[in-house]
Amino acid sequence: MTVVEIPPGTHMTGMRLGGRFRLDERISLDDQVSGPCGSSWETHGLSLWKATDQLLSRPVTIYLLPPGPVPRAVTDAVQSAAKVSDPRLATIYDTDFGEPCQYIVAEWTPGTHLEDLVLSGLPSPALAAAMIADAADAIAVAHRAGRPHLRLTPRSVRWHPGSGLKITGLGLDAALCGSTEMAGPGATAENPVAADTTALARMLYALLTGYWPGDEPTALPPAPRHKGQVCTPRQVRAGVPALLDAIAYRGLRGQAADAPLRPQTPAGLAMALRMVQRPSYQLEPLESSPMAQPGGQQQALRRQARHARARAGFRHRTTLLRPAV
């Protein structure tokens, strides 16, 4: 994380909250949330800190809230997120919404967020699939507990070689963004399940290609487009497996990643990504890619694939990852 200069007159380093949490370093909010949300938080008086829990001798993250009433969306998000238990989700440890200092204590998450990870060098497709499968599994756990994330970005997912993947800001980031009345996703969404799943598919695309397929501002270059549509990962980067190409592209289009006509969910995305390492699953050509071949040629390729499987004595179930019509 980037340590930012504390404004003159705000000598808060070393300050203790609740007689227990010592503020050590102020953290740039842009390290936590992609886009203008971080700057909006700081404008409204919220700050983010790395602190030390002196009772348990461990680092923690402190959201230091501005004075005044805490928005209901924020308190609701904290209460519901605190009930979700998964090692891949950053835990909410404590809160204090009394004067003079209002704050939220969360788990400290070491490692590199996905945006910087992509900028420093792309992981292998297999690692990219494993990372997003873990993230999707964690978000599925949160959804079953009734708590969507609603603001998944490449900066809210961190990767550490030793401890693995960690997702920050479950529900909280969206609530804080909504409370500052900024443009963009707030504390609610018309379809939170689909919104989180599409966000996960965008991060998979970024890990596979190095480009960002969404409209949100990030440090990543925008994904190439053909005739107004985002190009598939295989059209951008050589060596992307066809199955991952289909999963990522279907997810971007809001379609089920794991089977035709199945609802788009984080659990479905995770299941599809787990299939990548199963050699018994084969893939038909993706018909709706921006540069797809003519329909007649597509049908001929499908017939050839079926005949080849029949000649080889193929007996396993095949999942066809064609876009639903």
Side-chain angles (χ1 to χ4, degrees), residues 1 31-34 84 86-91 107-143 148-170 173 193 195-214 216 218-221 223 230 232-234 236-252 257-258 264-278 281 321:
M1 288 188 172
D31 271 350
Q32 182 79 8
V33 183
S34 298
V84 181
D86 189 278
R88 295 158 297 193
L89 298 170
T91 305
E107 181 180 355
W108 175 254
T109 53
T112 306
H113 52 62
L114 295 194
E115 193 171 277
D116 280 353
L117 185 67
V118 170
L119 290 172
S120 63
L122 295 180
S124 68
L127 179 56
M131 291 168 67
I132 300 303
D134 274 351
D137 275 336
I139 294 299
V141 170
H143 282 197
H149 192 290
L150 299 177
R151 198 170 181 85
L152 278 170
T153 75
R155 290 185 179 270
S156 56
V157 180
R158 291 184 173 272
W159 171 258
H160 189 275
S163 55
L165 178 139
K166 189 77 72 171
I167 299 173
T168 63
L170 178 67
D173 286 356
V193 174
D196 280 353
T197 312
T198 299
L200 289 163
R202 288 174 177 171
M203 285 187 276
L204 174 62
Y205 187 102
L207 288 171
L208 292 173
T209 67
Y211 293 89
W212 182 246
E216 306 87 346
T218 72
L220 302 177
V230 172
T232 69
R234 282 166 66 89
V236 176
R237 180 189 176 192
V240 175
L243 187 57
L244 279 181
D245 182 75
I247 292 170
Y249 191 67
R250 288 178 66 88
L252 295 182
D258 55 326
Q264 185 195 19
T265 64
L269 177 61
M271 183 177 73
L273 291 172
R274 302 297 186 199
M275 292 178 183
V276 171
Q277 297 181 356
R278 296 184 183 180
Y281 284 82
L321 297 176

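Residues in residues 201-213 take part in these side chain to side chain donor-acceptor pair (under 3.5 Å) pairs, two or more places apart or across chains: Arg202-Glu216, Trp212-Glu216.
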Let me have the donor-acceptor pairs involving side chains of residues 130-139, under 3.5 Å, with sequence neighbours excluded, atom names and distances please.
{"unit_1": "Asp134", "atom_1": "OD1", "unit_2": "Arg274", "atom_2": "NH2", "d": "3.1"}
{"unit_1": "Asp137", "atom_1": "OD2", "unit_2": "Arg274", "atom_2": "NH2", "d": "2.5"}

Step by step, would you call Leu273 with Leu244 a side chain to side chain contact (heavy atoms under 4.5 Å, CB included)? CA-CA 7 Å; Leu273 291 172; Leu244 279 181; 3.6 Å; yes

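Nearest heavy-atom pair, Val240 versus Arg234, reported as atom, atom and distance to 0.1 Å: O-NH1, 2.8 Å. For the pair Leu122 and Arg237, the tightest heavy-atom approach, listed with the atom from each and the gap, is CD1-NH1, 3.6 Å. Across all their heavy atoms, Ala128 and Leu208 have their closest contact at CB-CD2, 4.1 Å. A pairwise comparison of heavy atoms in Ala248 and Pro233 identifies CB-CG, 4.0 Å as the closest pair. Of all heavy-atom pairs between Thr112 and Leu117, the closest is CG2-N, 3.6 Å.
Applying the side chain to side chain contact (heavy atoms under 4.5 Å, CB included) criterion to Ser163, with sequence neighbours excluded, gives His160. Arg88 is linked by a side chain to side chain donor-acceptor pair (under 3.5 Å) to Asp86, counting only residues two or more places apart in sequence or in another chain. Partners of Ala201 under the side chain to side chain contact (heavy atoms under 4.5 Å, CB included) rule, at least two apart in sequence or in another chain, are Leu252. Judged as a side chain to side chain contact (heavy atoms under 4.5 Å, CB included), and not counting sequence neighbours, the contacts of Ala90 are Glu107, Thr109, Lys166, Thr168.
Between Leu200 and Leu204 the shortest side-chain heavy-atom distance does not fall below 4.5 Å. In this structure, Pro148 and Val193 have side chains that are not in contact, with every pair of non-hydrogen atoms separated by 4.5 Å or more. Side-chain contact between Trp159 and Leu207 is absent, with no heavy atoms from C-beta onward closer than 4.5 Å.
Partner of Asp196 under the side chain to side chain donor-acceptor pair (under 3.5 Å) criterion, out of Gln264, Arg151, His143: His143 alone.
For Ser156 (side chain) and Thr153 (main-chain N/O), a donor-acceptor pair under 3.5 Å exists by modelled atom type.
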